[in-house]
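One structure is given here, and the rest of the page talks about it.
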Amino acid sequence: EVQLVESGGGLVQAGGSLRLSCATSGFTFNTYTIGWFRQAPGKGREGVSFISNSDGRTYYADSMKGRFTISSDNAKNTVYLQMNSLKPEDTAVYYCAILNSPFGIETMPPSSGMDYWGKGTLVTVSS
């Protein structure tokens, strides 16, 4: 059974940092792309960052470049999202999702293309 469990969300002031974790099990970790999406109140789900475990490539949405860093610990089957210089507009529920991609990915996949999802963790950035 595939399991994705996010943690690390919380309340932080603008300019602060958080590190999200996505602990995974039930699939072959190094053949999947693992991504972070977020959904703010009243808005659609948007891609934040992805890591292709088959080739190590990382991808970021433009508004996150330079502020967010995604990393993967193959020994722990866990993916992290380090978020720095947080802004109030980063407030959202952050979800971890996976896509079977043994040959990597060309671009950031849409939310509809992901295979499994976690339940999310709430990040609130106060001004």
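- Closest non-hydrogen pair, W36 versus S21, comes out as CH2-O, 3.5 Å.
- The shortest non-hydrogen separation linking S17 to S85 is OG-N, 4.4 Å.
- Two residues are said to be in side-chain contact when any heavy atoms from C-beta on lie closer than 4.5 Å; N74 and S72 meet this criterion.
- To the nearest 0.5 Å, atoms CG (L18) and CG (L11) are separated by 9.0 Å.
- Hydrophobic clustering of Ile, Leu, Val, Met, Phe, Trp and Tyr side chains at less than 4.5 Å, counting indirect connections, unites Y60 with I34.
- Expressed to the nearest 0.5 Å, how far CG of L122 lies from OG1 of T91 amounts to 8.0 Å.
- Counting only heavy atoms from C-beta outward, the side chains of Y94 and E6 never approach each other to under 4.5 Å.
- A salt bridge is defined here as a Lys NZ or Arg NE, NH1 or NH2 lying under 4.0 Å from an Asp or Glu carboxylate O, and K65 with D62 meets this definition.
- Nearest heavy atom pair, residue S127 against residue A14, reads CA-CB, 4.4 Å.
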Open item on the list: With side chain to side chain contact (heavy atoms under 4.5 Å, CB included) as the criterion, how do I98 and F29 come out once you've worked through the C-alpha distance, each side chain's angles and the decisive distance to 0.1 Å?
Closed with: CA-CA 9 Å; I98 63 171; F29 191 75; over 6 Å; no
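- Between T24 and V79 the shortest side-chain heavy-atom distance does not fall below 4.5 Å.
- The line from OH of Y116 to CG of N100 is 9.0 Å long, rounded to the nearest 0.5 Å.
- One finds the CD atom of Q82 at 12.0 Å from the CD1 atom of I70 (value rounded to the nearest 0.5 Å).
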Open item on the list: Please evaluate residues F68 and L86 with respect to the criterion side chain to side chain contact (heavy atoms under 4.5 Å, CB included), reporting the C-alpha separation (whole Å), side-chain torsions for both, the decisive distance (0.1 Å), and the verdict.
Closed with: CA-CA 9 Å; F68 292 6; L86 284 163; 3.9 Å; yes
Open item on the list: Run F27 and L4 through side chain to side chain contact (heavy atoms under 4.5 Å, CB included) and show every step you take.
Closed with: CA-CA 10 Å; F27 60 98; L4 310 175; 3.9 Å; yes
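- Of all non-hydrogen atoms in R67 and D90, the two that sit nearest each other are NH1-OD2, 2.7 Å.
- Closest heavy-atom contact between D73 and A75: OD1-N, 3.0 Å.
- Taken together through direct or relayed side-chain contacts under 4.5 Å among Ile, Leu, Val, Met, Phe, Trp and Tyr, V48 and Y59 form parts of separate hydrophobic clusters.
- Annotation: side chain of T33 is in contact with side chain of S52 (closest heavy-atom distance under 4.5 Å).
- Here the CZ atom belonging to R19 is positioned 9.0 Å from the OG atom belonging to S7, to the nearest 0.5 angstrom.
- Residues S54 and P102 are not in side-chain contact: their nearest non-hydrogen atoms beyond the backbone lie 4.5 Å or more apart.
- Going from atom CG of N53 over to atom OG1 of T31 covers 8.5 Å, rounded to the nearest 0.5 Å.
- Residues M83 and V123 form a side-chain contact, since some pair of their non-hydrogen atoms from C-beta on lies under 4.5 Å apart.
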Task: Trace of the ring pair (Phe, Tyr, Trp, His ring centres under 6.0 Å) decision for F50 with F37 - done: CA-CA 9 Å; F50 297 79; F37 291 81; 5.2 Å; yes
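- When side chains are defined from C-beta on, T58 does not count as touching S49, because their heavy atoms never get closer than 4.5 Å.
- A salt bridge links R38 to E46: at least one charged side-chain nitrogen sits closer than 4.0 Å to a carboxylate oxygen.
- Side chains of M114 and Y95 form no contact here, defined as non-hydrogen atoms less than 4.5 Å apart.
- Clustering ILVMFWY residues whenever any of their side-chain heavy atoms sit less than 4.5 angstrom apart, transitively, puts V5 in a cluster other than the one holding L99.
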